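Numbers restart at 1 for each chain; the letters A, B, ... are given by sequence-line order, proteins then strands. If you're wondering where the values come from, they're calculated on a predicted model, not measured in any experiment.
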Amino acid sequence: MRLVTWNVNSVRLRFDHLARLVQRWDPDVICMQEIKVHDDLFPNADLLPGGHPHRRWRGMKSYNGVAILSRLPLEPVEGPDWCGKGDCRHLAVRLPGGVELHNFYVPAGGDIPDRKANPKFAHKLDFLDEMTDWFQSERKAQRKMILVGDLNIAPLETDVWSHKQLLDVVSHTPIEVEKLTGLQEGLGWTDAVRHFIPPKDKLYSWWSYRAADWNASDKGRRLDHIWVTRPLKGQLKGASVLREARGWAQPSDHVPVVVDFA
DNA sequence: ATGGTGGCTTTGCCA
């Protein structure tokens, strides 16, 4: 089984790119974030017509929104209303074999890394705390679970273009990294991508639109992740980050991240 | 210290 997570930054602008993704990498399950469309307007018929027939989505107007397209059957799994905001940042399903798949879009957190000065940063930290508590109390480490998504945090020094220069930049501050690590250690999640691509290697999944030449300056961050619980660790077969997708015409600022399972 | 781009909606908000 090949699984992809991708922050598409508007699903309605990404029909061709999704078709190319399937043509070139043939994923069985596609998890998307930032679909930016209300449920009623989700472009179901125009999206990979005839393919990946098992689909679920949760979207709102303009912002946020998550979706899963799959060749394998999906059963719904209920989740909480994170931070009581009803803002469409989580979609959970059960795959055949009793595997739970959790697709997240963690709040970006605004520009100022200060809980008091910036409510968006407070929301991000609270969201991470709620995730940690919920997985600890409602979900157990011995379950087969996959957690994917745009977690909006680059935890390792090699997950950013400059560790020193990003220490005060939201996405790589010590408090965010500490909370993400706490979430990870809570259930003993394995970072499936770093399982194959050594932590000493630089690795990014996002490059800002604001760079004059994203490829030449290469000021990226690894914000998109795929984690698995211990019972699935032995099933991991490979991982890659599809950097070339950032060079496609009118791209998302994120690229797909892929993990293969036995 | 600043501003750079893109998507969606509205002329600003969010990333």
Side-chain angles (χ1 to χ4, degrees), chain A residues 5-18 20-21 31-44 46-47 57-67 82-83 85-91 103-115 117-128 148-155 159-162 164-173 176-177 180 204-225 241 243-257:
Chain A
T5 181
W6 193 9
N7 179 324
V8 292
N9 189 16
S10 170
V11 72
R12 288 178 290 185
L13 283 183
R14 233 48 85 190
F15 300 155
D16 293 347
H17 287 192
L18 281 160
R20 199 176 304 179
L21 172 76
C31 298
M32 296 185 279
Q33 305 85 34
E34 282 211 88
I35 61 173
K36 293 188 171 178
V37 64
H38 188 267
D39 283 350
D40 297 342
L41 295 174
F42 186 80
N44 196 34
D46 295 320
L47 214 50
W57 55 87
R58 175 175 293 151
M60 57 191 283
K61 190 177 175 177
S62 302
Y63 308 122
N64 310 326
V66 281
W82 303 94
C83 300
K85 287 181 175 286
D87 56 3
C88 305
R89 295 179 178 276
H90 177 221
L91 186 59
N103 180 16
F104 278 97
Y105 175 52
V106 171
D111 288 331
I112 303 162
D114 182 315
R115 177 187 270 287
N118 174 13
K120 290 184 200 168
F121 194 69
H123 178 213
K124 183 177 197 172
L125 299 182
D126 291 346
F127 195 99
L128 292 162
V148 311
D150 177 3
L151 306 184
N152 265 315
I153 296 172
D159 290 338
V160 293
W161 63 274
S162 167
K164 260 189 180 172
Q165 285 176 261
L166 286 163
L167 275 170
D168 291 327
V169 175
V170 173
S171 73
H172 193 62
T173 63
E176 291 170 89
V177 171
L180 194 73
Y204 316 135
S205 65
W206 172 90
W207 294 261
S208 170
Y209 284 126
R210 294 174 189 175
D213 185 337
W214 72 273
N215 196 33
S217 58
D218 200 20
K219 292 183 173 179
R221 306 177 203 170
R222 189 172 71 107
L223 306 177
D224 303 275
H225 301 271
V241 177
R243 180 183 172 112
E244 70 180 79
R246 187 63 177 77
W248 294 347
Q250 286 189 292
S252 168
D253 43 355
H254 296 251
V255 298
V257 176

Mind calculating the distance between [atom1] ([X]) and [atom2] ([N]) to the nearest angstrom?
| X | N | atom1 | atom2 | value |
| --- | --- | --- | --- | --- |
| A:Leu41 | B:dC8 | CG | C1' | 13 Å |
| A:His38 | B:dC8 | NE2 | P | 16 Å |
| A:Trp214 | B:dG4 | CH2 | C1' | 18 Å |
| A:Gln165 | B:dA1 | CD | C1' | 14 Å |
| A:Met60 | B:dC14 | CE | P | 10 Å |
| A:Lys85 | B:dC14 | NZ | C1' | 14 Å |
| A:Asp213 | B:dG4 | CG | C1' | 14 Å |
| A:Ile112 | B:dA1 | CD1 | C1' | 15 Å |

For A:Val11 and for A:Ser208, locate the closest nucleotide of DNA chain B by heavy-atom distance; then report the residue assigned to the nucleotide nearer the 5' terminus. A:Ser208

Residue whose closest nucleotide on DNA chain B lies nearer the 5' end, A:Gln250 versus A:Tyr105: A:Gln250

Would you call A:Lys120-A:Asp111 a salt bridge at under 4.0 Å N-O? no

How long is the span from the [atom1] atom in [X] to the [atom2] atom in [Y], to the nearest 0.5 Å?
| X | Y | atom1 | atom2 | value |
| --- | --- | --- | --- | --- |
| A:Lys219 | A:Ser162 | NZ | OG | 8.5 Å |
| A:Arg58 | A:Asp39 | CZ | CG | 8.5 Å |
| A:Leu223 | A:Gln33 | CG | CD | 11.0 Å |
| A:Asn64 | A:His90 | CG | NE2 | 14.0 Å |

Sticking with atom [atom1], work out how far [N] lies from [M], rounded to a whole angstrom.
| N | M | atom1 | result |
| --- | --- | --- | --- |
| B:dT2 | B:dG6 | P | 23 Å |
| B:dT9 | B:dC13 | C1' | 9 Å |
| B:dG7 | B:dT11 | C1' | 15 Å |
| B:dA15 | B:dG3 | C1' | 16 Å |
| B:dA1 | B:dT5 | P | 22 Å |

Under 3.5 Å, N/O pairs linking protein and nucleotides 9-13 of chain B:
none

Flag, side chain of A:Tyr105 to backbone of A:Met32, donor-acceptor distance under 3.5 Å: no

Would you say the side-chain atoms of A:Arg243 pair up with the backbone N or O of A:Val255, donor to acceptor, closer than 3.5 Å? no

